[in-house]
Structure formats: structure tokens, C-alpha cells
Amino acid sequence: MLEAEGVVVVYVDLWSDQRRDPALLVADAIGRALSNKLGVLAKVARKAGLENVSIAGTLKIDTSKIGRIDGLTLPEALRTLHETAKAPLALIIDEAQHALTSEAGEAMMSALKSARDQLNRPGQVNLMLVMSGSDRDKLLRLVNTNGSPFFGSQITRMPELDQHFIQHVAALIEAQRPDLKPVDEPTLLQAFEKFGHRPQFFMEALGQALSPLSGFTGRFETAVLEAANQKQSDDERQMESDYLGLKPLEQAVLWRLLEQGPRFRPYDAEALRFYKEKTQAAVSPQKAQNALEALRERNPALVWKSARGEYSVDDAAMHRWFQQCVQHGTWPPQAPGQVQQELDLNEDAEA
């Protein structure tokens with residue numbers, strides 16, 4: 001839609017290669033866009049024996065480095081792209097919270113804010129920055145403190161796919177498999193909700209249910225719903241197992257993190273008092289830090305840390321599981337032996 005309005009769009013997914021620094025991924029995306037726009041100009045310059053190309057009389061680009069932004073700051077690279085394209089730019093960064101995991105990523109976010117301030121004028125928007133992420137808690141850290149790169153900006157929850165998505169999928173199935181008409185849309189919607197409105201898991205289960213090699217009997221919608229229930233059960237059982245497999249202090253730290261969310265302060269007096277209460281032992285800041293590091297080093301990691309030392313649970317689904325357990329009165333999880341022991345103690349007390 002942006003391109004249809006004449007906007008030059010640069011898109012980058014910071015989860016496309018989590019081994020690389022987020023700042024390099026953004027730089028590469030801008031470099032590729034520059035390469036596309038300057039490619040013809042560079043060829044002409046090389047044929048003429050020129051080593052540099054002047055853009056708008058203010059900036060020189062080394063033609064041997066087209067496609068890279070070596071020597072250019074991000075604001076300069078974006079300004080060059082804007083002046084070459086003679087059009088507004090939109091930089092879309094998906095999983096933007098991942099930028100906070102490195103100092104270079106944080107510096108890159110600050111540079112983007114600077115570029116926005118330099119390129120935009122009252123009534124004239126030349127650079128749009130769109131940042132999305134799958135974890136609101138982490139994404140908030142781009143805006144919620146004085147030191148945040150985009151302090152003061154707003155986070156908006158994007159609408160989830162709903163029955164319109166299911167209607168679309170059902171129409172595709174009925175067009176390709178008339179023998180399955182009518183598709184049971186309410187059952188598919190229920191399954192989709194059980195999958196947490198995540199299309200990748202839903203479509204995978206749907207493909208398996210519709211496969212002639214699946215071996216399912218009966219309606220495919222029921223099979224998809226069963227897969228959703230199984231997925232939900234497996235995820236909850238895995239999170240419970242992960243929690244029960246932790247040492248007492250690690251459990252207490254994770255509990256505090258789940259309870260506090262963005263307000264989590266790992267070493268303040270209240271936190272240390274909380275750890276002591278849950279473990280029945282005095283806990284120093286160093287011990288709490290060791291527990292946090294142990295949670296980060298697990299595979300997969302249970303705790304995420306920003307370059308500024310902020311913490312969050314690594315998987316946002318754990319927040320939903322925690323809140324659900326609290327609502328149902330099943331928090332904290334108990335190992336089977338613990339539950340039986342407590343029941344025996346209660347019976348003895350009653351006797």
C-alpha cells in the first residue's frame with residue numbers, strides 16, 4: 001500500500017538471522033535499497049572514470065561501495081536514498097525489540113530517531129519508521145523511559161486475525177475441495193483461537209489434517225481442533241516442566257519477573273525480600289544475578305536481557321500461562337510428590 005502511494009519501502013526482519021548484530025541487518029537492508037537506486041548512476045560514473053557520485057550537491061558516494069553504507073552514518077544513508085529516489089521513505093523493522101540486545105542495535109535506533117528528526121519537517125514527512133514486534137513487554141522498552149530511543153512514542157496493539165481470516169481459508173478449501181463443503185468455520189475459529197491466533201501453527205495443522213496421508217477419519221475440522229488442544233496442552237506442560245526443573249532461587253526470580261513484568265527490578269529491597277520469602281534463605285544481589293544468568297543460559301533461554309540490563313521472559317507465551325495459572329489458583333506449579341505431601345499434611349492436621 002505504501003509503494004502504491006509512491007513511497008520507497010525498506011523492510012528488515014531482525015529475527016531473519018539472530019546470529020548477526022541487528023544494526024548490521026538494518027544497514028544491509030538500507031544498503032541494498034541504495035544499491036538498487038544508485039546502480040545505474042554508479043555504472044555511468046564508473047564508465048566515466050569517476051570514483052564518487054555527488055547526490056544533490058551535498059553528499060559523495062564511493063561507487064565501489066554501492067550496496068554498503070561504509071563511511072556513511074545511517075541518517076546520511078537514508079537522506080541519500082530519499083534524495084536519489086525523490087520520494088518519501090518507509091523503514092519497516094519487524095521484531096524491532098531484538099535491536100535492544102546489543103549496544104550497536106541501541107545506537108542504531110538512536111540514529112534512526114536522528115534521521116527522522118533531520119528528514120522530516122512540519123507538514124512534510126520524508127521518513128516513516130514502523131516498528132513491530134511479537135512481544136509488547138520488550139517493544140515497550142523502546143519508548144517507556146527517558147533513555148529509550150523513541151521515548152514518548154506510543155505502542156499500539158495490532159488487531160489479531162479473526163473470523164474473516166477463517167472465512168478466507170474456508171473459501172479456499174471449498175474452492176479446491178468441493179467434497180468438503182460446507183466447511184465448519186466455528187470449529188476452525190475455535191482451533192485458531194487455541195493456537196493463540198498464530199497462523200503458522202494453524203496452517204501447519206490444517207495442512208496435516210487435509211493431507212491424504214494423514215490417516216485421519218471423520219471431518220478435518222475436528223482433527224485441527226484436536227491438534228490445537230494438544231499443542232496448548234504440550235506448551236503448558238513444557239512450561240510447567242521447565243519451571244519445576246529450576247533451582248528454588250531461579251524459580252523465585254522467574255516468578256518475580258512474571259509477576260512484575262516491565263516493573264521488574266532484580267536487586268531492589270522488595271525483590272530480595274520476595275526471594276527470601278520464597279526460598280526461606282537470605283539472598284544477596286550477587287546470588288540473584290547468578291540465578292538470572294542461569295535462566296538466560298538455558299537452552300532455550302527463559303529470560304531475555306537488553307543491552308541496558310533490562311530483563312523480560314524470553315517467550316511472551318509464558319506470561320499468558322502464568323496469568324492463567326493465577327486465575328485458576330494453580331500457581332505456583334507443584335511437582336506430583338509435593339502435591340501428595342501437602343495433601344497428607346492437611347489430612348494429618350484435620351485428624
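Everything numeric in this text was worked out from a predicted model, so none of it was measured.
Residues Ile92 and Leu112 do not share a hydrophobic cluster, clusters being chains of Ile/Leu/Val/Met/Phe/Trp/Tyr side chains in contact below 4.5 Å. Note: the hydrophobic cluster containing Val143 also contains Leu14 (ILVMFWY, side chain heavy atoms under 4.5 Å, direct or indirect links). Leu172 is not connected to Phe195 by any chain of hydrophobic side-chain contacts under 4.5 Å among Ile, Leu, Val, Met, Phe, Trp and Tyr, and they are in different clusters. Residue Ile173 is not grouped with residue Leu225 when hydrophobic side chains (ILVMFWY) are merged at heavy-atom distances under 4.5 angstrom, including chains of intermediate members. No chain of hydrophobic side-chain contacts below 4.5 Å, direct or via other Ile, Leu, Val, Met, Phe, Trp or Tyr residues, connects Leu127 to Val130.
With no hydrogens or angles considered, no side-chain donor-acceptor pair links Asp234 and Gln238 at under 3.5 Å. A donor-acceptor contact closer than 3.5 angstrom links the side chains of Asp184 and Thr187. Ser132 and Glu95 form no side-chain donor-acceptor contact under 3.5 Å, judged by distance and modelled atom types alone. Side chains of Asn120 and Gln124: no donor on one and acceptor on the other come within 3.5 Å.
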Check your understanding: Step by step, would you call Trp255 with Tyr243 a ring pair (Phe, Tyr, Trp, His ring centres under 6.0 Å)?
Key -> CA-CA 9 Å; Trp255 183 343; Tyr243 181 85; 7.3 Å; no

* To do: In sequence, state the C-alpha distance, the side-chain angles, and the governing distance for Tyr267 and Leu292, and then conclude on side-chain contact (heavy atoms from CB on, under 4.5 Å).
  => CA-CA 11 Å; Tyr267 316 121; Leu292 271 170; 3.7 Å; yes

List the steps, then state whether salt bridge (charged side-chain N to carboxylate O under 4.0 Å, His left out) holds for Arg265 with Asp268.
CA-CA 6 Å; Arg265 300 293 180 271; Asp268 65 11; over 6 Å; no

As a quick check of understanding, evaluate side-chain contact (heavy atoms from CB on, under 4.5 Å) for Leu246 and Leu302, giving each step before the final call. CA-CA 11 Å; Leu246 300 174; Leu302 293 180; 4.0 Å; yes

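For the pair Leu254 and Val303, the tightest heavy-atom approach, listed with the atom from each and the gap, is CD1-CG2, 4.4 Å. Taking both residues in full, the closest heavy atoms of Ala252 and Lys278 are given as CB-CB, 3.9 Å, listed atom of the first, atom of the second, then distance. Looking at every heavy atom in both residues, Glu293 comes nearest to Lys305 through OE2-NZ, 4.1 Å. Smallest separation of non-hydrogen atoms from Leu139 and Gly133: CD2-N, 3.8 Å. Minimum interatomic distance between Asp314 and Ala301 (heavy atoms only, all atoms of both residues): CB-O, 3.4 Å. The two residues Lys138 and Ser312 have their closest heavy-atom pair at CG-OG, 4.0 Å.
Not a single donor-acceptor pair under 3.5 Å links the side chain of Tyr311 to the backbone N or O of Pro262. Here the side chain of Thr80 pairs a donor or acceptor atom with the backbone of Glu76 at under 3.5 angstrom. A donor-acceptor contact shorter than 3.5 Å is absent between the side chain of Ser306 and the backbone of Thr101. Of the possible polar contacts, none joining the His197 side chain to the Phe192 backbone as a donor-acceptor pair under 3.5 Å is found.
No more than 12 heavy atoms of other residues, nucleotides or ligands shown are found within 6.0 angstrom of CZ on Arg136. Counting non-hydrogen atoms of neighbouring residues, nucleotides and ligands closer than 6.0 angstrom, the CD atom of Glu5 reaches no more than 12 such neighbours. The local environment of CD in Glu103 is sparse, with at most 12 non-hydrogen atoms from other residues, nucleotides or ligands closer than 6.0 Å. The environment of NE2 in His168 is sparse: at most 12 heavy-atom neighbours from other residues, nucleotides or ligands sit within 6.0 Å.
Of the inter-residue distances, the one linking Leu257 atom CG with Arg263 atom CZ reads 11.5 Å to the nearest 0.5 angstrom. Taking CD1 of Ile166 as the start and CD of Gln190 as the end, the distance is 11.5 Å to the nearest 0.5 Å. To the nearest 0.5 Å, atoms CD (Gln323) and NE2 (His328) are separated by 11.5 Å. One distance of note links CG of Leu272 with OG of Ser284; it measures 8.0 Å at 0.5 Å rounding. Atom-to-atom distance recorded for Leu24:CG and Asp17:CG is 10.0 Å, nearest 0.5 angstrom. Going from atom CD of Glu221 over to atom CG of Leu180 covers 7.0 Å, rounded to the nearest 0.5 Å.
Between Glu106 and Arg308 there is a salt bridge, since at least one side-chain N of the basic residue sits less than 4.0 Å from a carboxylate O of the acidic one. Salt-bridge formation is not detected for the pair Glu240/Arg237: no Lys NZ or Arg NE/NH1/NH2 atom is positioned less than 4.0 Å from an Asp or Glu carboxylate oxygen.
Using a 4.5 Å heavy-atom threshold, the side chains of Lys194 and Lys231 count as separate. Residues Thr222 and Phe220 are not in side-chain contact: their nearest non-hydrogen atoms beyond the backbone lie 4.5 Å or more apart.
Cation-pi check for Lys113 over Phe150 is not met; the charged atom does not lie both under 6.0 angstrom from the ring centroid and within 45 degrees of its normal.
Of the residues Val253, Val313, Val326, the one that meets the side chain to side chain contact (heavy atoms under 4.5 Å, CB included) test with Leu258 is Val313.
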